[in-house]
Amino acid sequence: MRLTILGGGGFRVPLVYGALLGDRAEGRVTDVVLHDLDAGRLSTVARVLAEQAAGVPDAPAVTATTDLDEALRGADFVFSAIRVGGLEGRAADERVALDEGVLGQETVGAGGVAYGLRTVPVAVDIARRVARIAPDAWLINFTNPAGLVTEAMSRHLGDRVIGICDSPVGLGRRIARVLGADPREAWIDYVGLNHLGWVRGLRVAGRDELPRLLADPELLGSFEEGRLFGADWLRSLGAVPNEYLHYYYFNREAVRSYREAEKTRGAFLRDQQAGFYEEARRADGSALAAWDRTRAEREATYMAENRETAGAGEREADDLSGGYEKVALALMRAIARDERATLILNVRNRNTLSVLDTDAVIEVPCLVDANGAHPVAVAPLPDHATGVVCAVKAVEREVLAAAESGSRATAVKAFALHPLVDSVNVARRLLDGYTAAHPGLAYLV
């Protein structure tokens, strides 16, 4: 089976390849094609993968190319993890927003809108090429903003594009762990949009254990989201939010913390990864060892400003191992081998949430088989969640409309309608700032 990874020079690619090395079953991935526009990063990551594969019998063969069409030919699965504008672009997204006093995180608020505006046209081009060159391939999207990009691609690939994210999986795993349950045996009632969802129940042997968690202050204080949001707020919600909702519920504190930080997250990762690629290119050292050290630091500092604001402390060791590569591999296995699985994924709504139309991409538990991912029926959202989900989906639709039309006025509307942007004038200045920072937004007129 052939897997093509778009963004193949990206830092997280060794996580995916490492997961593939442990798969010995029939129908496994035998060939991995890395595609990236940066030949230097491609060769560096290929070197890391070669070290990972050393001594592993029948490790998937790895090839690398900067030619997209070549990379797509013959693919059974396409994994899209591109970053349009690179980490330099992410750092600019954060800084432009913070200069206006609003959040610039890459998937939330102004930063997410800016990232979407420059990513959607590229993602649409990829989707069209996949439809033409590899029409039978399944595309697994991890490119952020994952829900928005998946919806853009679905307009050309239908249900053959599926978005993934490790946040809901990690959240469910942490809740199950503190309740003493096996995550593999728990049903997680999770619903929302990407980076905008809530765990409303966790059923073990038919019994919902979440009320027990919400009633116990000690248990609530024993895991990351409990410390991040606080026991009182979680009890008020009657649910456990995805960690990204901290940007909504504690927006003022988050913005202040980000403005006071020595570096934004994007600037930190830009500088950190520049050091990694420089070190890993040297012939006298181990590229894999350099990658391992950098990854450990990256994971330990994830959402550090939010944890500092909440007094949540350091991340726990069990949360430092990532997870999206495991979700991707489980998804590929379920489709390729018709091994039925239940996974939280980003898929078209169909009739799952009545407040959204059928084509809106949502993040919910899905049953996966050889025919793809099928969203499971869920209870309606409470009013407070419905409000923010509908507002953010409206913003995503304006981003899609702006990307399709090239309309600057529509792009301003996308910024202005976001719940975390508090003025139309700020929205106009944001677009001015982003247009100046990103040549890729020159299409907006």
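Stacking of R293 on the aromatic ring of W291 is not recorded, the 6.0 Å distance cut-off and the 45° axial limit not both being met.
Enclosure of atom CD in E339 by more than 12 non-hydrogen atoms of other residues, nucleotides or ligands within 6.0 angstrom is indicated. By the neighbour-count criterion of 12 heavy atoms within 6.0 Å, atom CD of E297 is densely surrounded, having more than that number from other residues, nucleotides or ligands.
Applying the side-chain contact (heavy atoms from CB on, under 4.5 Å) rule to E225 yields the partners L171, R174, F223, F229, V240, E243; only residues at least two apart in sequence or on another chain are considered. In this view, D357 and R397 satisfy the side-chain hydrogen bond (donor to acceptor under 3.5 Å, both in side chains) rule, not counting sequence neighbours. Residues passing the side-chain hydrogen bond (donor to acceptor under 3.5 Å, both in side chains) test with R95: none are found, sequence neighbours excluded. Considering only residues two or more places apart in sequence or on other chains, H195 meets the ring pair (Phe, Tyr, Trp, His ring centres under 6.0 Å) condition with Y244. The side-chain contact (heavy atoms from CB on, under 4.5 Å) test applied to A71 returns T4, V33, H35, T65, not counting sequence neighbours. Every residue two or more places apart in sequence or in another chain was checked for a side-chain hydrogen bond (donor to acceptor under 3.5 Å, both in side chains) with R12, and none qualifies. With sequence neighbours excluded, no residue forms a side-chain hydrogen bond (donor to acceptor under 3.5 Å, both in side chains) with Q273.
Within the structure, ring-ring contact (aromatic ring centres under 6.0 Å, His included) contacts touching residues 79-98 (residues at least two apart or in different chains) are F79-Y324. Applying the salt bridge (charged side-chain N to carboxylate O under 4.0 Å, His left out) rule to pairs touching residues 108-122 yields D93-R118, sequence neighbours excluded. For residues 375-387, there are no side-chain hydrogen bond (donor to acceptor under 3.5 Å, both in side chains) pairs, not counting sequence neighbours. Residues in residues 34-44 take part in no salt bridge (charged side-chain N to carboxylate O under 4.0 Å, His left out) pair, two or more places apart or across chains. Screening residues 408-437 for salt bridge (charged side-chain N to carboxylate O under 4.0 Å, His left out) gives E100-R429, E398-K413, R408-D432 as the qualifying pairs, with residues at least two apart or on separate chains.
The closest side-chain heavy-atom distance from V361 to E396 is not below 4.5 Å.
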Does T294 form a side-chain contact (heavy atoms from CB on, under 4.5 Å) with R298? I'd like the steps, not just the answer.
CA-CA 6 Å; T294 307; R298 173 194 175 109; 5.5 Å; no
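Remark: the backbone N or O of I362 is not paired with any side-chain donor or acceptor of N349 at under 3.5 angstrom. With hydrogens and angles ignored, the 3.5 Å screen pairs a side-chain donor or acceptor of R47 with a backbone N or O of A280. Distance alone, capped at 3.5 Å, is enough to place a donor-acceptor pair between the R200 side chain and the A379 backbone. Within the 3.5 Å criterion, the main-chain N or O of A137 finds a donor-acceptor partner in the side chain of R160. S154 places no side-chain N or O within donor-acceptor distance of the main-chain N or O of L157, the cut-off being under 3.5 Å.
In this structure, F415 has its ring center closer than 6.0 angstrom to the ring center of Y434.
Rounding to the nearest 0.5 angstrom, the gap separating the SG atom in C366 from the CD1 atom in I162 is 8.0 Å.
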